[in-house]
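Remarks on the structure that follows.
All heavy atoms count here, side chains included; hydrogens, waters and symmetry mates do not.
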Amino acid sequence: MKNIEKILEHVPGKLLSGNLSGDIEDVIYDSRKIIKGCAFVCLKGASFDGHKFAAEAAEKGARLIVAEEPVTLPEECKGTALYLVSDTREALAWMSAAYFDYPGENLHIIGITGTKGKTTSTFMVKSILEDAGYKTGLIGTIGTLIDGVMTPSGNTTPESYVIQKAFREMADKGCSHCVMEVSSQGLKMKRTDAIPFDIGVFTNISPDHIGPNEHASFEEYLSCKGLLFKKCRTGIFNSDDPHWENVRGDSGCRVRTFGMNGNADLLASDLKLEYAPGRLGISFDISGEENGHIYVDQPGRFSVYNALTAIAVAHEYGVPLIDVQKALKNIYVKGRIELVHISDDFSIMIDYAHNAVALESLLTTLKEYDPARLVTIFGCGGNRSKLRRFEMGEVSGKLSDLTVITSDNPRFEKPEDIIADIETGIKKTSGKYVKIPDRAEAVKWAVKNAEKGDVIVLAGKGHEDYQEICGVKHHMDERELIMNAAAAAGLV
């Protein structure tokens with residue numbers, strides 16, 4: 001229980017009815033979870049409006065209703081206070097922080113934003129900090145990780161109440177740091193309000209998430225990314241990205257930079273592709289704020305940028321370079337260029353690339369390692385844009401030596417129909433392909449027919465351990481598919 005006045009201490013507003021004395025049992029923003037004695041916050045979304053449930057909340061015994069427009073409560077609910085604010089999402093953020101006793105004040109919080117690289121960079125930061133002795137929590141696309149326990153998350157940046165609850169658990173379990181992915185949607189929807197960020201990091205930006213339910217334009221997308229740097233003490237920017245100064249804007253935070261060009265505070269040079277049996281990596285030198293040699297057990301230039309992000313954050317906390325080097329040499333991120341070693345003759349990996357831009361970046365990177373063949377296994381999600389299917393098919397046809405078209409999450413569509421759309425895109429190229437709708441069989445076929453020096457990529461699913469068919473999520477972990485395929489081929 002928490003005192004109402006304490007909960008609202010950073011939430012300016014106007015009391016329309018009732019009184020603000022007494023306590024509340026919880027802060028609720030989902031009408032399905034209303035309980036007696038709660039504070040119910042009326043949020044507006046693309047397809048819902050919490051204000052429509054204000055009367056129901058009062059009838060169920062809510063002690064406090066927080067709204068951004070006047071609502072009518074039942075006459076008999078005189079014990080319910082109605083509090084009018086300018087923005088209920090901002091109110092929820094501050095109410096949640098207060099409800100959990102401002103746990104962020106007990107943590108060093110690092111927020112990472114950008115179109116690509118957020119997930120891998122957060123795991124790199126966590127690995128480095130923990131190698132240096134700092135117990136660190138993580139919030140992101142894959143889920144919330146606290147004390148070795150992963151809780152799946154519906155959003156890259158969860159709702160503010162969920163974040164503050166996670167902060168409370170981290171602080172209670174002895175975490176000193178938290179690293180989190182900060183999406184543009186999370187910033188726009190004010191889920192990160194009331195978070196006292198130590199450090200904000202900008203990785204890169206490219207046109208994405210532009211649409212009626214996300215961002216109206218690229219300019220708005222840029223602007224939302226920039227909101228993070230108005231909330232942090234130090235901003236760390238990829239100065240190779242042409243938009244970094246637009247993202248920084250007039251934030252007023254202390255600025256540090258990293259990159260491979262120009263006068264960045266942390267500079268990478270002398271990049272070298274590293275190819276060992278069944279493995280792909282990259283090494284480089286750093287100079288400026290840190291000086292030394294780095295090896296990352298992940299391939300490509302984008303792995304260098306992710307590593308620079310983590311090295312720059314580690315420098316701010318005084319982490320010795322030897323701890324940084326050790327962590328990056330042994331980095332593992334589920335579903336992000338995740339190598340699964342089953343043979344020294346060829347490499348096989350899992351990656352979340354699920355749109356044309358991500359797939360093109362991944363395949364272009366892998367081709368730099370000059371594989372005997374680049375084999376790509378992928379499908380596309382059902383009940384999503386058909387354009388993505390055509391584009392991904394065309395990208396794979398151009399860059400892969402062989403494409404295995406299969407099923408992803410068909411949802412409520414027939415896998416064969418989705419595969420036909422991908423085939424339309426791939427037919428614009430001269431790329432070779434086969435069609436195997438069952439994903440497990442597709443992996444078996446690729447492993448059985450692998451040739452020495454091949455690089456095989458399972459794209460699209462990444463960290464997901466399910467396949468969604470007709471509204472039901474069936475267990476399907478690609479690591480298991482690969483090991484089953486290896487066993488069938490007599491490799492393990």
Side-chain angles (χ1 to χ4, degrees), residues 45-48 115-116 118-119 140-143 152-158 181 183-186 188-189 206-218 220-221 335-336 350-363 376-400 403-429 433 435-440 442 457-478 481:
S47 58
F48 68 89
T115 303
K116 294 179 291 186
K118 295 189 297 296
T119 299
T141 304
I142 296 176
S153 174
N155 297 302
T156 295
T157 305
E181 296 182 53
S183 68
S184 55
Q185 278 293 100
K188 180 181 178 179
M189 305 300 279
S206 56
D208 197 10
H209 303 291
I210 311 301
N213 294 327
E214 293 187 272
H215 298 289
S217 64
F218 182 62
E220 183 192 295
Y221 185 41
R336 285 354 187 237
I350 298 167
D351 194 80
Y352 191 51
H354 60 288
N355 59 43
V357 172
L359 186 63
E360 183 173 22
S361 175
L362 174 64
L363 298 184
T376 305
I377 306 170
F378 84 98
C380 286
N383 304 105
R384 298 293 187 270
S385 168
K386 285 195 173 188
L387 181 61
R388 176 177 292 183
R389 305 170 190 179
F390 304 143
E391 291 176 342
M392 289 184 73
E394 188 170 356
V395 164
S396 189
K398 286 179 179 178
L399 296 174
S400 304
T403 300
V404 182
I405 310 175
T406 188
S407 183
D408 191 288
N409 292 319
R411 298 186 176 91
F412 293 94
E413 289 193 66
K414 294 180 180 179
E416 293 80 5
D417 293 342
I418 299 171
I419 288 171
D421 288 335
I422 297 171
E423 189 177 14
T424 298
I426 207 168
K427 281 183 174 179
K428 294 181 180 180
T429 75
Y433 68 95
K435 297 181 291 181
I436 306 177
D438 185 288
R439 200 171 182 99
V457 184
L458 281 68
K461 299 280 299 164
H463 60 278
E464 294 177 354
D465 59 2
Y466 63 85
Q467 186 174 46
E468 186 177 344
I469 304 171
C470 296
V472 179
K473 290 183 177 180
H474 302 269
H475 176 75
M476 190 186 74
D477 189 316
E478 291 193 316
L481 300 189

- Of L359, T376, L387, the residue whose pairing with M392 passes side-chain contact (heavy atoms from CB on, under 4.5 Å): L359
- Message: Test salt bridge (charged side-chain N to carboxylate O under 4.0 Å, His left out) on K386 and E413; report intermediate values, then the result.
- Response: CA-CA 12 Å; K386 285 195 173 188; E413 289 193 66; 5.5 Å; no
- Query: Of all residues at least two apart in sequence or in a different chain, which pass the side chain to side chain contact (heavy atoms under 4.5 Å, CB included) check with E464?
  - Reply: Y352, N409, K461, Y466
- Task: State whether a side-chain donor-acceptor pair under 3.5 Å links R388 with H354.
- Result: no
- Task: Kindly indicate, with the supporting measurements, whether the criterion side-chain contact (heavy atoms from CB on, under 4.5 Å) is fulfilled by D408 and R439.
- Result: CA-CA 7 Å; D408 191 288; R439 200 171 182 99; 4.1 Å; yes
- Do K118 and T157 come within less than 4.5 Å of each other through their side chains, counting heavy atoms only? no
- Item | Any side-chain heavy-atom pair of E360 and K398 under 4.5 Å | no
- Which heavy atom in L363 sits nearest to a heavy atom in S396, and how many Å separate them? CD1-CA, 4.1 Å
- Just how far is it from atom CD1 of I422 to atom CZ of F390, taken to the nearest 0.5 Å? 10.0 Å
- Note on the structure: In this structure, CG of L458 is separated from CD of E478 (nearest 0.5 Å) by 4.5 Å
- Item | Minimum heavy-atom distance between I436 and T406, given as atom pair plus value | O-OG1, 2.7 Å
- Message: Please report the interatomic distance OG1(T429) to NZ(K427), rounded to the nearest 0.5 Å.
- Response: 11.0 Å
- Partners meeting side chain to side chain contact (heavy atoms under 4.5 Å, CB included) with P415 (sequence neighbours left out): S407, P410
- When rounded to the nearest 0.5 angstrom, what is the spacing between OG in S385 and CD in E391? 7.0 Å
- Task: Taking salt bridge (charged side-chain N to carboxylate O under 4.0 Å, His left out) as the test, write out the residues that go with R411, two or more places apart.
- Result: E468
- Note on the structure: Closest heavy-atom pair, L362 versus A353, reported as atoms and distance to 0.1 Å, is CD2-CB, 4.2 Å
- Task: Drop me the distance from E394's CD to L399's CG, to the nearest 0.5 angstrom.
- Result: 10.0 Å
- Counterpart residues, salt bridge (charged side-chain N to carboxylate O under 4.0 Å, His left out), relative to E181 (two or more places apart): none
- Query: Can you name the nearest heavy-atom pair linking I426 to G397, along with the distance?
  - Reply: CG1-CA, 3.6 Å
- Out of curiosity, T141 OG1 to R336 CZ, how far, rounded to the nearest 0.5 Å? 5.5 Å
- Query: Of all residues at least two apart in sequence or in a different chain, which pass the side chain to side chain contact (heavy atoms under 4.5 Å, CB included) check with K435?
  - Reply: I405, I419, E423, Y433
- Heavy-atom closest contact (A442 atom, V404 atom, distance): CB-CG1, 3.8 Å
- Message: Testing the basics here: between S400 and T403, what is the closest heavy-atom pair and its distance to 0.1 Å?
- Response: CB-OG1, 3.7 Å
- Task: Could you verify whether a donor N or O on one side chain and an acceptor N or O on the other, from T156 and S183, lie under 3.5 Å apart?
- Result: no
- Message: Suppose we screen for ring pair (Phe, Tyr, Trp, His ring centres under 6.0 Å). Which residues come up paired with F378, at least two apart in sequence or across chains?
- Response: none
